[in-house]
Amino acid sequence: MSRIDMLSQFPFTFSVEPLALNHTNRSMRCLFLESMKVHLKGLWKSECMCGPDIASVKDLSITTEWNMERSLCPCTEPENPVPAPLASWEDYFQWRSLPLHSPVAVLLHWPLTLYHCLQLSRVRTSRYGHDTLHIHYLGPEKELLQLAVFAELRALFPGVHLRIELVGPAVPRSRDGEVVNISSYPNCSGESCHCRSSIASENLNCSAVTLRIWKGLYHERYGDIVKDSNPHLILAPNAGVAAYPSWMPTIEMIRGIGVPAIFTDFCEEAAHLASCCISSITGQPLGLPIQVNPFRQPIEENNSALYIPCYSNGFVFGM
């Protein structure tokens with residue numbers, strides 16, 4: 001609680017009026033999405049409880065639409081190469097020439113957190129031979145309905161092919177083994193924008209991001225996954241390590257692999273509990289101490305009577 005002010009510090013100029021919250025039973029998240037005119041639209045459909053359940057969705061790549069005008073979203077290649085490294089949302093928005101009243105950080109915390117974790121782990125493409133990074137991404141849930149946002153990794157890692165293996169029990173059985181190739185950015189709402197032209201598609205002959213989806217626990221599916229994807233980094237966003245005993249055999253296996261593994265959690269207390277669990281299994285302190293993620297989602301998760309400041313991908317730590 002002593003760090004609550006620091007946790008809520010963001011450069012953004014959007015907000016949800018407290019008065020509105022006092023006179024309605026709607027969640028802050030719904031009110032925010034409605035104020036941005038994206039509630040239950042495109043990539044935003046799963047951002048509140050009103051959206052579809054993962055198990056009910058037949059096609060995980062259901063949308064590639066920002067449902068926003070071009071000036072508010074990254075729908076085309078960046079104007080300039082990415083400065084190294086990006087250290088904050090303000091850095092990212094300046095690089096992508098986006099205004100601070102744009103809400104895209106609400107969705108882009110997934111790829112930007114992955115970018116940040118790759119920086120923290122000091123994984124470099126040159127170390128592994130040129131142009132491919134293999135990421136094992138554990139426990140995906142809501143992001144399974146927002147896969148198109150991972151297209152931003154194309155801009156963050158130009159010339160690099162990222163192969164991301166998403167594995168977790170929330171994956172619908174019917175989608176097990178599905179491959180999603182991302183060869184363009186999500187479209188803006190402008191009908192005449194370059195992002196919708198055939199020329200833009202022709203310039204993207206080779207997919208820079210390949211997602212493959214696996215149902216099950218990581219330690220159970222690892223043998224299948226590594227047949228053609230040995231990881232450079234293992235990432236478990238919003239892991240809840242202390243809450244789920246099924247993490248224990250996975251952490252034991254990761255310790256034996258010797259690959260950098262980074263976890264995130266919603267609040268600092270959960271991160272500390274996870275740290276204790278991991279250290280009790282590995283017999284060692286964390287290799288990456290608990291720290292605030294600068295690319296955490298800028299909307300609080302506020303679902304409990306006891307107020308604890310929680311942010312999706314709020315805290316980062318690793319082994």
Side-chain angles (χ1 to χ4, degrees), residues 1-12 15-16 18 21 27-30 32 46-49 87-89 105-110 112-121 137-143 168-170 217-219 233-255 260-319:
M1 295 299 292
S2 66
R3 299 208 278 180
I4 185 172
D5 290 338
M6 180 191 69
L7 288 175
S8 59
Q9 287 178 357
F10 293 100
F12 307 113
S15 65
V16 177
L21 288 173
S27 72
M28 180 171 67
R29 192 170 289 265
C30 285
F32 170 74
S46 59
E47 267 308 304
C48 66
M49 296 299 291
S88 67
W89 279 123
V106 174
L107 301 184
L108 288 174
H109 71 103
W110 300 119
L112 268 293
T113 293
L114 175 52
Y115 165 83
H116 182 60
C117 290
L118 282 164
Q119 304 302 313
L120 291 175
S121 65
Y137 190 107
L138 314 189
E141 293 185 4
K142 182 165 64 175
E143 57 266 52
L217 300 173
Y218 185 54
H219 59 273
L233 174 71
I234 298 169
L235 173 62
N238 301 320
V241 169
Y244 299 99
S246 56
W247 277 113
M248 301 306 108
T250 289
I251 292 170
E252 289 179 352
M253 190 188 72
I254 291 174
R255 178 186 59 174
I262 297 181
F263 304 81
T264 76
D265 231 315
F266 284 94
C267 68
E268 190 171 13
E269 178 65 10
H272 280 289
L273 292 171
S275 168
C276 293
C277 290
I278 293 171
S279 296
S280 68
I281 295 172
T282 64
Q284 298 176 339
L286 292 179
L288 177 66
I290 297 169
Q291 55 190 271
V292 176
N293 176 15
F295 296 108
R296 62 195 178 278
Q297 190 184 63
I299 298 182
E300 294 180 24
E301 299 287 340
N302 191 8
N303 299 320
S304 104
L306 175 63
Y307 177 68
I308 300 174
C310 299
Y311 291 91
S312 184
N313 284 320
F315 290 83
V316 177
F317 51 98
M319 53 185 290

How many angstroms lie between [atom1] in [X] and [atom2] in [Y], if you round to the nearest 0.5 Å?
X    : Y    : atom1 : atom2 : answer
L138 : H219 : CG    : NE2   : 11.5 Å
S275 : E268 : OG    : CD    : 11.0 Å
M319 : I262 : CE    : CD1   : 11.5 Å
I281 : W247 : CD1   : CH2   : 11.0 Å
E252 : I278 : CD    : CD1   : 12.5 Å
S46  : L107 : OG    : CG    : 7.5 Å

Nearest heavy-atom pair of [X] and [Y]: which atoms, and what distance?
X    : Y    : value
G240 : D265 : N-OD2, 3.3 Å
A105 : F12  : CB-CZ, 3.5 Å
F10  : P298 : CZ-CA, 3.6 Å
P260 : L233 : O-CD1, 3.5 Å

Inset, instruction - Dump the intermediate steps for side-chain contact (heavy atoms from CB on, under 4.5 Å) on W110 and K142, then the final yes or no. - result: CA-CA 10 Å; W110 300 119; K142 182 165 64 175; 4.3 Å; yes
Is a donor on one side and an acceptor on the other found under 3.5 Å between the side chain of [X] and the backbone of [Y]?
X    : Y    : answer
W89  : R296 : yes
Q119 : C117 : no
Q297 : V106 : yes
S280 : C277 : yes

Legend entry - Identified side chain to side chain contact (heavy atoms under 4.5 Å, CB included) partner of H109 from the options L114, T264, N313, I299: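 Passing option: N313.
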Legend entry - Contact check, side chains of N238 and E141, non-hydrogen atoms, under 4.5 Å: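 The answer is no, as the side chains (C-beta and beyond) never meet within the 4.5 Å cut-off.
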Inset, instruction - Might you confirm whether atom CE of M49 has over 12 heavy atoms from other residues, nucleotides or ligands at distances under 6.0 Å? - result: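 Atom CE in M49 is not packed in, count stays at 12 or less.
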Inset, instruction - Test side-chain contact (heavy atoms from CB on, under 4.5 Å) on Y311 and E300 and set out the steps. - result: CA-CA 5 Å; Y311 291 91; E300 294 180 24; 3.0 Å; yes
Inset, instruction - Show your working on side chain to side chain donor-acceptor pair (under 3.5 Å) between T113 and N293 and close with a plain yes or no. - result: CA-CA 7 Å; T113 293; N293 176 15; 2.9 Å; yes
Inset, instruction - Describe, in one word, how the ring planes of F317 and F263 are oriented to each other, choosing from parallel (under 30°), tilted (30 to 60°) and perpendicular (over 60°). - result: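 Correct class here is parallel.
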